Amino acid sequence: MRSTMMDVPLSLNHLLDRAGHIFGGGTIVSRLPDKTLRRHSYAEYHRRTRALAAALASLGLKKGERVATLCWNHHAHLEAYFGIPAAGGVMHTLNLRLAPAEIGWIAADAKDRFLIVDDILLPLYRQFAELHRFERVIVFPFSGAPVPEGFDDYEQLLADADADGFVYPPHDENDPVAMCYTSGTTGRPKGVAYSHRSTILHTLVGCLADFWGLKGTDVLMPVTPMFHANCWGVPYAAVMMGVKLVFPGPHLHPDDLLDLMQQEPPTLSLGVPTIWLGLIQAYERSLAEQPGRWKMPQGMRSLVGGAAVPESLIRAFDRHGVWLLQGWGMTETSPLATVSYPRAELGAVSADERYRRAAMAGVPVPLVDVRIRADDGSDAPLDGKTMGEIQVRGPFITGSYHEVPVSDDKFTRDGWLRTGDVATMDELAFVRITDRTKDLIKSGGEWISSVDLENALMAHPAVAEAAVIAIPDEKWSERPLACVAFKPGQAADAAALSAHLLEHSFAKWQLPDRYEIIDAVPRTSTGKFWKLKLRERFPK
Ligand code: ADP
């Protein structure tokens, strides 16, 4: 027999119309370059987004063609998230923190036809304009200044477009809607293309109560850049639910974020651990130096991922009334693949156990299969100890890269994505990421987790940041070197740091052979610790 259900394709257009028709009174707040706040209702957002789609269609955008964005987090970027797919196009978010040559290479590789760019980012655009010719460059007048000659004016295009008369072109649910490039830390960056279907399924899963738990009454502050893995997919969920959004614009300094959190207190936020590390340090300093300057929004939850989340960071925020919810994923996984949340089987666990679990990557989300493959190709036992490569499969996991032949180093023959992350899984399906394959320290046939050492070091009261890398060693093949940045006015010597690690149940042979004092750990384009730079600085 056949199912009797209607054959209606999953579609972002449905979410967009829902926002306009059902949640028209909802609010989207954007912080402008001059730090003032601009507000739009979801009704305005709906009309403007449809106007963008109509404008792109009248410029001749055809199905499947790419429109790049080079933008900070704000309402117009959110308009691109839905307006480009509504016109049948594919939104390609360019990472504005990459080197200009790399941005140009990526735009050329994706064959981006049009570009939407913030006016304040035009100097960056000019640095790679030679490398790829966009047919139209549409400038969003974010700063309020007139759009320079020779470019299309985003606001003018919207004003001239026929939003009311626009009809969505028909599409299949597997048609692409968005595209992101992987960071390319190993080899050239590679494109991942998401579909209506993958995006909607990911959105629905993410919204479940144990994960983002997004509610209509939430106030959401996305600090994760909208060019980083679609801002983890959260903007799609916000539009689906008509949730109040607070976009920080280009102001991501901890002081600016704390100021914004006073003006528009969020209930839910998201960002990589380094953002929260900086924020808690600024906040705790303010308690001593300027008490009362800032209040932490009590009961706020924050989604944290993209890199390991130190337990000490989770504890520090919890002391101030904020809960960090860890997830693991990658550009290739849409990105949410696991989340750490309290499972029923855990029962009433001790506070220590709760923090320990919260500092893990967590449990696979529905629709995502996860397995840990040991070196010999067997499945690692679920003992929380045996390490192996984490491999994933599912309807929002990429099965290939844009115009790159499928290769054995990225996909298994039986159709799983090889993540390049090393992990353990325990009997409750909690995944613990021990390292990226390339960061793992192989010492005398044993593996030492750089992540475990870093997290323990960052729990030392004098340590602001720590990154551990492998250095070559004649006898042991590799040994750990710890790079440590202290909090202002504080310090600890190697003996004290090693004693601290021994207290954290590290064995003697796992301790770093050396400590190097640095000012700060270098950051990647998505704000994570950039160990490659440290390896270059400390080759031995
Ligand atoms: P990149 O970091 O290379 O720019 P992504 O943003 O796609 O690219 O990051 C994916 C990688 O980030 C994962 O493969 C993993 O190494 C790391 N990662 C993500 N979440 C976590 C987490 N919760 N714990 C540890 N590592 C994480």
Side-chain angles (χ1 to χ4, degrees), residues 93-99 102 106 178-192 194 202 211 224-233 270-277 302-311 313-314 324-341 357-365 368 370 372 387 389-392 396-398 401 410 417-425 430-440 449-455 458 467-468 521-533:
T93 48
L94 293 170
N95 180 340
L96 56 88
R97 294 219 185 86
L98 293 176
E102 197 166 9
I106 288 172
M179 179 175 203
C180 286
Y181 272 68
T182 59
S183 70
T185 35
T186 50
R188 278 289 193 187
K190 289 183 284 295
V192 171
Y194 313 92
H202 179 264
F211 312 145
T224 303
M226 290 173 84
F227 54 75
H228 183 199
N230 293 327
C231 201
W232 303 350
L270 55 144
V272 290
T274 47
I275 286 277
W276 304 110
L277 210 55
S302 186
L303 317 173
V304 186
V309 185
E311 187 180 318
L313 188 67
I314 299 172
L324 301 189
L325 184 76
Q326 172 161 205
W328 166 84
M330 50 203 304
T331 303
E332 288 88 333
T333 65
S334 285
L336 192 67
T338 69
V339 180
S340 185
Y341 68 96
R357 296 260 167 199
M360 294 182 176
V363 177
V365 301
V368 175
V370 172
I372 310 284
M387 295 186 215
E389 183 185 38
I390 176 164
Q391 300 182 349
V392 291
F396 46 84
I397 310 292
T398 203
Y401 292 97
K410 294 291 174 197
L417 171 75
R418 302 189 57 183
T419 65
D421 282 341
V422 180
T424 64
M425 205 196 247
F430 270 80
V431 172
R432 204 171 62 85
I433 307 287
T434 48
D435 250 317
R436 290 192 173 195
T437 319
K438 57 183 181 300
D439 292 335
L440 203 67
S449 160
S450 66
V451 171
D452 287 350
L453 284 171
E454 287 160 8
N455 289 347
M458 285 192 275
V468 177
V521 179
R523 306 288 206 257
T524 68
S525 64
T526 48
K528 307 183 192 182
F529 284 173
W530 201 359
K531 297 207 217 173
L532 185 73
K533 288 281 156 202

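One-based numbering, in listed order, for ligands and for the atoms of each. It should be emphasised that the depicted structure is a prediction, and the values quoted were computed from it without experimental measurement.
Phe211 has its side chain out of reach of Val363: every pair of non-hydrogen atoms, C-beta onward, lies at least 4.5 Å apart. Put simply, the side chain of Met226 does not reach to within 4.5 Å of the side chain of Thr93, judged on heavy atoms. Counting heavy atoms from C-beta outward, Leu313 and Leu324 have side chains that approach closer than 4.5 Å.
Look at Gly327 and you'll find a heavy atom under 4.0 Å from some atom of ligand 1. Contact analysis puts Asp421 in contact with ligand 1, with a non-hydrogen atom separation below 4.0 angstrom. Using 4.0 Å as the threshold, Ala307 has a heavy atom nearer than that to some atom of ligand 1. Ligand 1 lies out of reach of Ala229, whose nearest heavy atom is not under 4.0 Å from it.
Scanning Met330, Met360, Gln326, His228 for the heavy atom closest to atom 6 (O) of ligand 1 points to His228.
Within the model, atoms NZ of Lys531 and CG of Asp435 stand 5.5 Å from one another, a figure rounded to the nearest 0.5 Å. For the atom pair Glu389 CD and Thr419 OG1, the distance stands at 5.0 Å (nearest 0.5 Å). Here Arg97 contributes atom CZ and Thr524 contributes atom OG1; the two are 8.5 Å apart, rounded to the nearest 0.5 Å.
Asn95 and Ser525 share a side-chain donor-acceptor pair at under 3.5 Å.
Of the N or O atoms in Thr419, none lie within a sub-3.5 Å distance of an N or O in ligand 1. By the 3.5 Å distance cut-off applied to N or O atoms, Glu332 is not counted among the residues near ligand 1.
The contact set between ligand 1 and Lys528, taken as ligand atoms under 4.0 Å from a residue heavy atom, comprises 1 (P), 2 (O), 5 (P), 6 (O), 8 (O), 9 (O), 10 (C), 11 (C), 12 (O).
Counting heavy atoms closer than 4.0 Å to ligand 1, residue Arg436 contributes side-chain atoms (C-beta onward) but none from N, CA, C or O.
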